[in-house]
Student: 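Following this message is one structure expressed as C-alpha cells.
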Amino acid sequence: MRASQFFISTLKEAPAEAELPSHRLMLRAGLIRRVASGLYSWMPLGLRILKKVEAIVRDEMDRAGALELLMPAVQPAELWEESGRWAFYGKELLRVKDRHDREFCIGPTHEEVITDIARKEVRSYKQLPLNFYQVQTKFRDEVRPRFGVMRAREFIMKDAYSFHTDFDSLKVTYQTMFDAYCRIFTRLGLTFRPVAADTGSIGGTGSHEFQVLAESGEDVIAYCPTSDYAANVELAEALAPTTPRPAAQAPLTTVATPRVKTIDELCQCLSVAAAHTIKAVVVEGSEGQPVLLLVRGDHELNEVKAEKLDGIASPLVFASPAAIEAAFGAKPGSLGPVGFAGRIVADRTVAAMADMICGANQTDAHLTGMNWGRDCPEPEVADLRNVVEGDPSPDGQGVLALCRGIEVGHVFQLRTKYAEAMRAQYLDREGKLQTMEMGCYGIGVSRIVGAAIEQGFDDRGILFSDAMAPFTVSIVPMGYGRSEAVKAAADTLYATLKAAGVDVLLDDRDERPGVLLADGELLGIPHRVVIGDRGLKNEQVEYQARRDTEATAVPVAEIADFVRAKLGVA
RNA sequence: CGGGGCGUAGCGCAGUCCGGUAGCGCACCUGGUUUGGGACCAGGUGGUCGUGAGUUCGAAUCCCACCGCCCCGACCA
C-alpha cells in the first residue's frame, strides 16, 4: 500500500476523554473514532489490525475442526424466554420492539440461537459432535463502558458452540479448543495465561479464562510462581489455616467505639491490627432473611463464593440498613455474631481465630476477646474471602501471587444447561432420546487489539507484533518527490517485498521526514527501512525494528533479502 | 444508580469569578522558502460558546432545567 493512496489520520494530542494508554494511542494513531459512549468506528488502519486478528482466529478455529457460520445480531425474545434468560439477563440486554410490537434483543451472545439450530438440525448421534463458530458483532449495554474498545458496548467477538452426545466428547473438544486458544494468543504475540474461572451468567461447569497480563486489567489473577496453578481470584480457593485455633485467653469485654464505622477506624480507635478484627457483612438468604457473613478485618468478602452457598440469594443481595437494624438492634459498623440468632457463616480464617474484636450489636460499641464456643456458638464455616498474596496455593505447591489481567478469551463446559431448557435432543444408538452436551468458547476480537497495545507501547507509540501490525514493514523515503535515486530505490524495494507477499507500506506522502518517521512509530509498524540520498551514496539503506534502539546499515542490493529474513519469509 | 469533573473551531486549551459582541497552539487552504526527527514566513477558511428557557440595554460569562461525555464508586458495615 502506498501511504498517499491510503488514509492516515494521526493526532499529536489525544482527546481528553481517553485515559488508558491503549485508548489514547488508538485514537492518536487514528485506528478508531468514537461515535457515542462505548461505540466506535474502526478506521481503515484499525480495521486492518482487526482483520489480522480475525484471520488468525479463523485459521485456528478451522484447524480445530470448528465450522464457521453466521447468526443474526437481532434475536427474537421467545428464544430467550425459553432459556429463561429474558428475565435473568437484566439491563445489559438491549431489548427492542419491531413495527409489529414484537420483542427482540440485540445479541450479547448466541447460545439460544445456536441451540435452536442444533435442535432443529441434529437428529442422530451420528451427526455429533459438531462445533460451530462465527465472528460477529455483539451488543452489551454495559453500566459503564470505558477504556475504548476494551469495554465497549458494541464489540466484535468470535464465539463457538459445540454439541456432543456425552460429557467425554465435550471434554475432548474443550481441550482441543483450549489448545487452539493457546496457539491463537501465542501467534498474536501476547503474554497471556489461561486461568481457572467462574462460569458467571453463562452457566455450566468447567471454565477457563485467557488473560492477557497487564497492569490496567480489570481482573485479578491468583497464580503460583512455582507451579502451574492459576485462577481468577473470584474462584481461587482460600485454604483453611493449618495451625489450630489458639486457646481463648482474653475475657469478653465491651468497649465503646463512638463513630467507628470501618475496620480502619476500628483499628485506629483501639490501636490494634486489622488481622485481629472481624468484618461483618449482612446479606439476604434465599427467603430474604438476614445472614451474617464474617471475614477477617484485613480480608475481602468474595461475592462469587458467597452467592454459591446454599440458602443465599443469588445474585447476592446486601441487606438494607433498615433490615440490619431490625435484625441486629444496631447500625452497620457495630455488627457481630454475639447474640445474633440467625444464620452465621464464618470464613475459614475467622473460624480459626481466638480473642477476636468484633461488633457488639450495639451501636458505637465493639467486643474484644470474643471466642467461638465460649461467647457464641461455633459458626458454620466456609471459604468466603478473596485469596491474598502469600496464601498457600490450593494445589499444595508453594504460595500464591496476584497479578492483573485483561480477559480476552473464555471457554466453558456448558453441559446441558441450554440443551435441557430448549430441548436440544438426539436419538442415541438404541433409538432413545437424549439431551446434548454443550460447550461454548469466546474470544474478544476487538478487545484483543486494545489488550495488545496495553502490553506493548512506549513514549513514541504502539509496539505491534508482526502478526497484528496494520503493516509489517514500512519503507520511509527521505525525499521521495525530490530525489530520483531515492524514489527508484524505494519503488524497487516496495515492488520486491509486495511480490514476496509482504504487507508493506511505502510512505510516499509529501511530508517532512520527521512526520513520516513519527507516524510510523505511532502506528507501531514493526519493521522500517529508511532510504535516503545520504546512505545511497554508499549503496546503503537503513533497517530498524520498532523495538531496536539503533538502525542497521544494509547494502541496497541486499535489503529485500534482509527484510525477508527478519520476517521469516522465504 | 451515588459522588466528582468537564462541555468554547477537527484536536488540545484560554476567556466564565468581575456581563460589553470570541481568542491561542496544532490541524486545514493559498503562495513562497525549506527537506534525515512532528519546518519557517505571509495571507486565509472554519465557532447558533452542549440544548432550552430566563435575568439584562447587552450573556460563553449570572439563574433554572435538560442533554452529552469522562473519572471514581456501587462488598469491606
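Lettering of chains follows the sequences in order, A, B, ..., and the numbering in each one begins at 1.
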Student: Rounding to a whole Å, what distance do you find between A/E511:CD and B/C40:P?
Tutor: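 That distance rounds to 13 Å.
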
Student: For the side chain of A/K279, counting heavy atoms from C-beta on, which of B/G38, B/C76, B/G37 is nearest?
Tutor: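 Ranking B/G38, B/C76, B/G37 by closest atom to the A/K279 side chain puts B/C76 first.
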
Student: Report yes if a donor N or O on one partner sits less than 3.5 Å from an acceptor N or O on the other, where the partners are the side chain of A/D533 and the base of B/G36; otherwise report no.
Tutor: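 Under the 3.5 Å cut-off, the side chain and the base do not form any donor-acceptor pair.
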
Student: Where the side chain of A/I324 is concerned, which of B/C71, B/G37, B/A77 is the nearest nucleotide?
Tutor: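 Nearest to the side chain of A/I324 among the choices is B/A77.
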
Student: Applying a 4.0 Å non-hydrogen cut-off, can you work out what A/R460 is touching in the nucleic acid: base, sugar-phosphate, or nothing?
Tutor: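 Result for A/R460 = base.
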
Student: How many Å lie between CZ on A/R482 and P on B/U34, as a whole number?
Tutor: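 The distance from CZ of A/R482 to P of B/U34 comes to 11 Å, rounded to the nearest Å.
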
Student: Over 60° means perpendicular and under 30° means parallel, so tell me whether A/Y89 and A/W80 are parallel, tilted or perpendicular.
Tutor: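 Ring orientation of A/Y89 relative to A/W80: perpendicular.
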
Student: Answer with base, sugar-phosphate or nothing: what part of the nucleic acid does A/V283 contact at a heavy-atom distance below 4.0 Å?
Tutor: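 Nothing, no nucleic acid heavy atom in range.
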
Student: Under 4.0 Å between any heavy atoms, over every strand shown, what does A/N386 touch: base, sugar-phosphate, or nothing? Just pick one.
Tutor: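 If one applies the 4.0 Å heavy-atom cut-off, A/N386 turns out to touch a base.
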
Student: Using a cut-off of 4.0 Å on non-hydrogen atoms, how would the nucleic acid contact of A/N302 be classed: base, sugar-phosphate, or nothing?
Tutor: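 No contact.
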
Student: Working to the nearest 0.5 Å, report the span between CG of A/D391 and NE2 of A/H299.
Tutor: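 Output value for this atom pair is 6.0 Å.
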
Student: Apply the test side-chain hydrogen bond (donor to acceptor under 3.5 Å, both in side chains) to residues A/T349 and A/D347: give CA-CA distance (whole Å), side-chain angles for both, the deciding distance (0.1 Å), then the verdict.
Tutor: CA-CA 5 Å; A/T349 309; A/D347 179 64; 3.1 Å; yes

Student: Taking atom C1' in both B/G58 and B/G68, what distance in whole Å separates the two?
Tutor: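 Rounded to whole Å, the distance is 29 Å.
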
Student: What nucleotide among B/G38, B/C75, B/G37 has an atom nearest to a side-chain atom of A/F318?
Tutor: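 For the A/F318 side chain, the nearest candidate turns out to be B/C75.
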
Student: Hey, does A/E17 reach any base, or is it just sugar-phosphate, or nothing, if we go heavy atoms under 4.0 Å?
Tutor: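 Since only primed, P, OP1 and OP2 atoms lie under 4.0 Å of A/E17, the category is sugar-phosphate.
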
Student: Under 4.0 angstrom, heavy atoms only, what part of the nucleic acid is A/L335 near: base, sugar-phosphate, or nothing?
Tutor: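 No contact.
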
Student: Sort out the partner of B/C62 for me: Watson-Crick or G-U wobble, both distances under 3.5 Å, none otherwise.
Tutor: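 B/G54 - that is the nucleotide pairing with B/C62, both distances being under 3.5 Å.
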
Student: According to the Watson-Crick and G-U wobble definitions, with both distances under 3.5 Å, which nucleotide is paired to B/A39?
Tutor: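 Base partner found: B/U33.
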
Student: Counting side-chain heavy atoms from C-beta on, which of B/A77, B/G37, B/U34 comes nearest to A/R512?
Tutor: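 The answer is B/U34.
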
Student: Classify A/R151 by what it touches in the nucleic acid, base, sugar-phosphate, or nothing, heavy-atom distance under 4.0 Å.
Tutor: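 Touches nothing.
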
Student: Using a cut-off of 4.0 Å on non-hydrogen atoms, how would the nucleic acid contact of A/V530 be classed: base, sugar-phosphate, or nothing?
Tutor: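 Base contact.
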
Student: Ignoring the backbone of A/V143, work out which of B/G12, B/A74, B/A27 is nearest its side chain.
Tutor: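 Output: B/A74.
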
Student: Looking at A/S37, I'd like to know whether one of its side-chain N or O atoms comes within less than 4.0 Å of OP1 or OP2 on B/G68.
Tutor: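 For A/S37, the contact criterion (side-chain N or O under 4.0 Å from OP1 or OP2 of B/G68) is not met.
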
Student: Look at all strands and tell whether A/V282 reaches a base, only sugar-phosphate, or nothing, counting heavy atoms closer than 4.0 Å.
Tutor: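 A/V282: base contact, heavy atoms under 4.0 Å.
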
Student: If you check every side-chain atom of A/P513, which of B/G12, B/U35, B/A77 has the closest atom?
Tutor: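 The answer is B/U35, which lies nearest to the side chain.
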
Student: Looking only at the side chain of A/I263 (C-beta and beyond, no hydrogens), which of the listed nucleotides B/C70, B/A77, B/U34 gets closest?
Tutor: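 In terms of side-chain proximity for A/I263, the closest of B/C70, B/A77, B/U34 is B/A77.
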
Student: Spell out, as yes or no, whether a donor-acceptor pair under 3.5 Å connects the side chain of A/D458 to the backbone of A/G461.
Tutor: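 Side chain of A/D458 to backbone of A/G461, a donor-acceptor pair under 3.5 Å: yes, one is there.
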
Student: A/F147 has a side chain; which of B/G37, B/C11, B/C71 sits nearest to it?
Tutor: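 Shortest atom-to-atom distance from the side chain points to B/C71.
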
Student: When we call it a touch if two heavy atoms are under 4.0 Å apart, what does A/G535 touch: a base, just sugar-phosphate, or nothing?
Tutor: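 Base contact - A/G535 has a heavy atom under 4.0 Å of at least one base atom.
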
Student: Between A/R546 and A/L463, is there a donor-acceptor pair closer than 3.5 Å when you use the side chain of the first and the backbone of the second?
Tutor: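 No, the answer is negative, given that no donor and acceptor are paired below the 3.5 Å cut-off.
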
Student: At under 4.0 Å between heavy atoms, what does A/G532 touch on the DNA or RNA strands: base, sugar-phosphate, or nothing?
Tutor: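 Base, at least one base heavy atom under 4.0 Å.
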
Student: Pairing check on B/C17: which nucleotide meets the Watson-Crick or G-U wobble criteria with it, both distances under 3.5 Å?
Tutor: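 Partner of B/C17: none.
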
Student: Rounding to a whole Å, what distance do you find between A/R34:CZ and B/G68:P?
Tutor: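 Rounded to whole Å, this separation is 12 Å.
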
Student: With a 6.0 Å cut-off on ring centres, are A/F457 and A/F464 close enough?
Tutor: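 A/F457 vs A/F464: aromatic centres not under 6.0 Å.
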
Student: Out of B/C71, B/C75, B/G25, which has the shortest distance to the side chain of A/E19?
Tutor: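 Closest of the options to the side chain of A/E19: B/C71.
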
Student: Strictly by modelled atom types, are A/S483 and A/D533 linked by a side-chain donor-acceptor pair under 3.5 Å?
Tutor: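 Looking only at side-chain atoms, A/D533 and A/S483 do form a donor-acceptor pair, the distance falling under 3.5 Å.
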
Student: Using a heavy-atom cut-off of 4.0 Å across all strands, would you classify A/R28 as base, sugar-phosphate, or nothing?
Tutor: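 Since a base atom lies under 4.0 Å of A/R28, the category is base.
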
